[in-house]
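Every number for a ligand or one of its atoms is a count from 1 in the order of the listing. What you see is a predicted model; the values in this text were computed from it and never measured.
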Amino acid sequence: MDGDQPALATLHFREEGTRIEPDQNVSGYLALNGALVLPALIEPHAHLDKTFTAQRSPPQQPGLLAAIAAMHQDRVRWSADDLRQRASQALSWAVEAGVGLLRTHIDWFAADAPLAWQVVGELQHPLCTIERVALAPVTFFADAAQADHIAAQVAASGALLGGFIHSSNWDAQAFTHLLQAAERWQLDIDLHIDEELSHDAQGLRWLACYLRQHSFNGRITCSHGCALAQQEDGEAILEVLAQHRVTLIALPLTNLLLQDAVPGRTPRQRGLTLIKEAQARGIPLLLGADNVQDAFCPVGSYDPLDTLFSGLLSAQLGMAFDEASALICQRTALHDGANVLANDFVIFPAAEAASWPLRSRSRYRLKQGICYGEFRNDT
Ligand SMILES: Nc1ccnc(=O)[nH]1
């Protein structure tokens, strides 16, 4: 910055990382001429196993539980070829958008890993790291030995342990087993938790209670957390999550679509977690796309700028480029010690901060000093 004005800089890409210096006008360097630059984007919450099934398996009713029912109907068609084709398309859309880290949940339907676990595990892209999270209903952890069996498979895959925790399947003991199994296998966790507007949702309240009494060495990420915004003790719960550096992921697109969804009635509530209150407490927070073109959400693009745009309006976030952009690229929210200047950037050649993230389609990637992608003049 030059006072409060942005200033041009020269980026030197070195083995040990990127050095940023005041603009030096050196020859042989790519001239960006003040283009907007961000670290490679993050998609922290996707579902590559379900994606692109909306047309063949639409839900019969609005809302989360009807979407889950439609997904169970569709999954009989999840052959290796079907999964590979849909997940690869999703990955290529995400990479085109500038995503360098994509975390996908994969539904588990039994205590042994589903076919999608292996198929998505085989996906690779030189510009994108893929992380898998085992998404099993919390009731799968009711039996401690079975919880351990699931965690062992996840550990062997170098993945994260997850769980679907909701008042429709609440089981405190099963949740304890999930946490204990994760701790035993040294796993990070990423939970679907309290994705509802019920005051009585117990997941985050109970997690806060657990963390007050037990240690947990891994990184905890909580996705959704919609109920917090309804609960009188929501901010007290956040205080505990802040002390334990729990990360929150808000999913503005699907939360807007699936929460407070009643046929023939305009939604009254936004369904979002306590985004601003979390930020005020220094809780690491990211925005994710969640479901893309499946029974949970018939639209979506794997472009984090689209997710951010919906977050800007639904959560009334300020300063899109200078501040809110961190919600789609801050790696430290998922990984301790992640290097912000890790030699991997997205460049928006034709964008200006005042319009961004709109009018910002054209972009390319600069990774380890190598430029990928082409300029497109379709902003
Ligand atoms: N929002 C969601 C909850 C559970 N499963 C999904 O795919 N999506």
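Protein heavy atom nearest atom 5 (N) of ligand 1, with residue, atom name and distance: Lys50 NZ, 3.1 Å. With respect to atom 1 (N) of ligand 1, the closest heavy atom belonging to the protein is Glu195 OE2, 2.8 Å.
When heavy-atom distances to ligand 1 are checked against a 4.0 Å cut-off, His105 has no atom that comes that close, whether in backbone or side chain. Contacts between Asn291 and ligand 1, counted as non-hydrogen atom pairs separated by less than 4.0 Å, involve the side chain only.
Using cut-offs of 30° and 60° for the angle between ring planes, the Trp356 and Phe321 rings count as perpendicular.
In terms of polar-atom proximity, Asp107 is not counted as a contact of ligand 1, lacking any N or O under 3.5 Å from an N or O of the ligand.
The closest approach between any non-hydrogen atom of Leu64 and ligand 1 is below 4.0 Å. Distances from ligand 1 to the non-hydrogen atoms of Met71 include no value under 4.0 Å.
Comment: Asp82 engages Arg56 in a salt bridge, judged by a side-chain N to carboxylate O separation of less than 4.0 angstrom.
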Evaluation steps, side chain to side chain donor-acceptor pair (under 3.5 Å), between Asp49 and Trp117: CA-CA 9 Å; Asp49 51 349; Trp117 189 252; over 6 Å; no
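A centroid separation of less than 6.0 Å is found between the aromatic rings of Trp206 and Phe175.
Screening residues 134-147 for side chain to side chain donor-acceptor pair (under 3.5 Å), with sequence neighbours left out, gives no hits.
Residue Asp290 approaches ligand 1 through these ligand atoms, each under 4.0 Å from one of its heavy atoms: 1 (N), 8 (N). Less than 4.0 angstrom separates some heavy atom of His47 from each of these atoms of ligand 1: 5 (N), 6 (C), 7 (O), 8 (N). Residue His224 approaches ligand 1 through these ligand atoms, each under 4.0 Å from one of its heavy atoms: 1 (N).
Of the possible donor and acceptor atoms, none in the side chain of Gln243 sits under 3.5 Å from a partner among the backbone N and O of Leu211.
With Thr254 as the partner, the side-chain contact (heavy atoms from CB on, under 4.5 Å) test is satisfied by one option alone out of Leu64, Asp290, Val292: Asp290.
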